[in-house]
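Take a look at the structure set out below.
Nothing here was measured: the structure is a model prediction, and the numbers come from that model. Counting starts at 1 for both ligands and their atoms, in listed order.
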Amino acid sequence: MKQVQYNGLTFEPYIEKETIAARIKELAGVIKRDCEGTVPLFVCVLNGAFPFAADLFRAVDMDAEITFIRLKSYEGMGSTGVVKEVIGLGENIKDRTVIIVEDIIDTGNTIKKLVADLQKMEPASLKIATLLFKPESLQTDVKPDYVGFSISPKFIIGFGLDLDGIARNLEDIYVLKEDNA
Ligand code: IMP
Ligand code: MG
């Protein structure tokens, strides 16, 4: 795998697609076991979580539903701290087994607001699945239930994660090179 460049910045290979695929299968197995006897509703947080949600949803070998919500809190390479809801949830989630599907938890501000909003709708259970987690960046008390990879607080792109809208379609995950001069 080669380095890639976006907006004049160099990124190097970080997590390969085979590793991502294998980990998603493992998470799907655990989710299936935990949700036995229910028809879980996956809530995919757009835009970034769509590749993860598509793979996770197909890997969960049981009756399940999926819906989408759109939130935005990031600009460039830093969290703005302000979470804006762009598309709201249409489904009634009362008494449902709900799994929020996120691409990454960084400060935790986005997921915290979403969890608070969804809890008001009285789901039977509300869990968080995130492909990536930066525990050292966390500024809130949220704890994801299903984590693909815990990573150091570095900026990454690919597999849904973007740099100002681009690079989401990279099949592998790349990290910003330390020495970008
Ligand atoms: P939080 O609210 O700080 O937890 O940020 C969550 C959102 O910020 C994610 O859903 C991503 O859209 C974005 N984000 C956080 N870290 C990264 C990164 O390293 N690369 C790209 N986007 C990121
Ligand atoms: Mg996101």
Is a donor from one side chain sitting under 3.5 angstrom from an acceptor on the other, for Asp34 and Tyr146?
yes
Using a 4.0 Å cut-off to any heavy atom of Asn109, which atoms of ligand 1 qualify?
2 (O), 4 (O)
Report yes or no: does Gly108 have a heavy atom closer than 4.0 Å to ligand 1?
yes
Sub-4.0 Å atoms of ligand 1 with respect to non-hydrogen atoms of Glu102:
10 (O)
Give the numbers and elements of all ligand 1 atoms closer than 4.0 Å to a heavy atom of Lys134.
16 (N), 17 (C), 18 (C), 19 (O)
Classify the contact between Asp103 and ligand 1 as side chain, backbone, both or neither, using a heavy-atom distance cut-off of under 4.0 Å.
side chain
Atoms in ligand 1 flagged as close to Thr110, the criterion being non-hydrogen separation under 4.0 Å
1 (P), 2 (O), 5 (O), 6 (C)
Is a side-chain donor or acceptor of Asn92 paired with a backbone partner of Lys94 at a separation under 3.5 angstrom?
yes
Euclidean distance, Tyr174 OH relative to Ile156 CD1, rounded to 0.5 Å
13.0 Å
Under a heavy-atom criterion of less than 4.0 Å, does Lys112 contact ligand 1?
no
Side-chain ion pair, Lys177 and Glu12, N-O less than 4.0 Å
no
Any heavy atom of Lys154 sitting closer than 4.0 Å to ligand 1?
yes
Glu178 and Lys154 ion-paired at < 4.0 Å
yes
By the salt bridge (charged side-chain N to carboxylate O under 4.0 Å, His left out) test, which pairs, at least two apart or in different chains, include something from residues 52-65?
Lys32-Asp61, Asp55-Arg58, Glu65-Arg96
Between ligand 1 and Leu161, can you find any atom pair, the residue atom being a heavy atom, that is separated by under 4.0 Å?
yes
Asp162 heavy atoms within 4.0 Å reach ligand 1 at atoms 21 (C)
Using distance alone, with no hydrogens and no angle criterion, decide if Thr10 and Gln3 have a side-chain donor and acceptor under 3.5 Å apart.
no
